[in-house]
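Below is one structure, written out as C-alpha cells, with a few remarks after it.
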Amino acid sequence: MIRDWIIKNILPRALWVYHVNCGACNGCDIEVLDTLTPYYDAERFGIRMVGSPRHADALVLCGPMTRQTAPAVRRAYEAVPDPKIVFAIGSCATGGGMWHDTYNVLGGADQVLPVDFYVPGCPPRPRRSSA
Ligand code: SF4
C-alpha cells in the first residue's frame, strides 16, 4: 500500500537523490552516475543527485551492507525527510551478492533499513533490458 502511495505521489515529482556506497566495488556506482550523462540524461525527468541527505527525496544504495558502513548509512537514511523512498541498486545491495556470507557483510541494504525498490544486476545498466 505504501509503495502504491509512493508511486502515485512522489515519483511523478522532481526526484532528488542521495547516493550512498555501502561497500560496493564501484561498478554499480558508475552505472548510477551514468544515468546523469547526456546519453541517458535522467535530469530531463527532474532527477538529480544532491550532496546532502537532508535535501533528498530518495536514497540510492549500492553495494553490500558492511559492518563498517551500516551506522553511517542508517544516519543518512534518518537525515532524509519523510516521505522518503529507498532504492537498492545491484545484486549486492539487494541481497549481499557474492559477499553475502563474508565476515564483514551484513547482507543487503534491507538488513539495516527499509527498502522500497530492488534493482538486481551486477551491475544493473541504466538502459531497459529490452533496449
Ligand atoms: S552488484 Fe556487482 S557491480 Fe554492483 S557492487 Fe556488487 S559486485 Fe560491484
Side-chain angles (χ1 to χ4, degrees):
M1 290 303 159
I2 185 68
R3 190 166 304 183
D4 293 341
W5 186 91
I6 288 169
I7 291 171
K8 186 173 177 204
N9 293 285
I10 295 182
L11 290 183
R13 301 193 328 234
L15 197 66
W16 287 18
V17 175
Y18 187 71
H19 167 230
V20 181
N21 180 327
C22 305
C25 71
N26 277 345
C28 287
D29 306 281
I30 288 170
E31 299 298 342
V32 167
L33 295 178
D34 199 20
T35 63
L36 302 175
T37 61
Y39 189 84
Y40 294 107
D41 195 15
E43 285 197 10
R44 70 192 142 127
F45 302 117
I47 300 169
R48 59 177 298 209
M49 295 286 180
V50 293
S52 167
R54 297 186 193 287
H55 301 158
D57 305 300
L59 273 184
V60 166
L61 307 176
C62 297
M65 190 64 70
T66 67
R67 295 182 195 284
Q68 291 84 359
T69 57
V73 176
R74 184 77 205 174
R75 282 198 302 277
Y77 173 80
E78 288 168 357
V80 177
D82 289 322
K84 55 193 159 193
I85 52 180
V86 178
F87 295 87
I89 306 293
S91 300
C92 291
T94 58
M98 68 179 88
W99 318 106
H100 72 279
D101 59 352
T102 53
Y103 71 96
N104 65 336
V105 168
L106 300 173
D110 56 10
Q111 297 299 309
V112 172
L113 45 82
V115 173
D116 300 295
F117 297 96
Y118 297 86
V119 182
C122 181
R125 302 294 315 275
R127 66 179 163 88
R128 294 180 305 155
S129 58
S130 60

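Indexing begins at 1, ligand by ligand and atom by atom, following the structure's order. Everything numeric here is computed off the predicted structure, so don't read it as measured data.
With contacts defined as side-chain heavy-atom distances shorter than 4.5 Å, the pair Pro64/His100 does not qualify. Within the 4.5 Å cutoff, side-chain heavy atoms of Ile85 are placed close to those of Leu15. Between Glu31 and Tyr40 there is no side-chain heavy-atom pair separated by less than 4.5 Å. Residues Met49 and Val32 are in side-chain contact: their nearest non-hydrogen atoms beyond the backbone lie under 4.5 Å apart. Between Lys84 and Leu59 there is no side-chain heavy-atom pair separated by less than 4.5 Å.
Summarising the geometry, atom CG belonging to Asp110 is positioned 11.0 Å from atom CG belonging to Asp116; distances are rounded to the nearest 0.5 Å.
For atom 4 (Fe) of ligand 1, the nearby protein N/O/S atoms, meaning those under 2.8 Å, are Cys28 SG.
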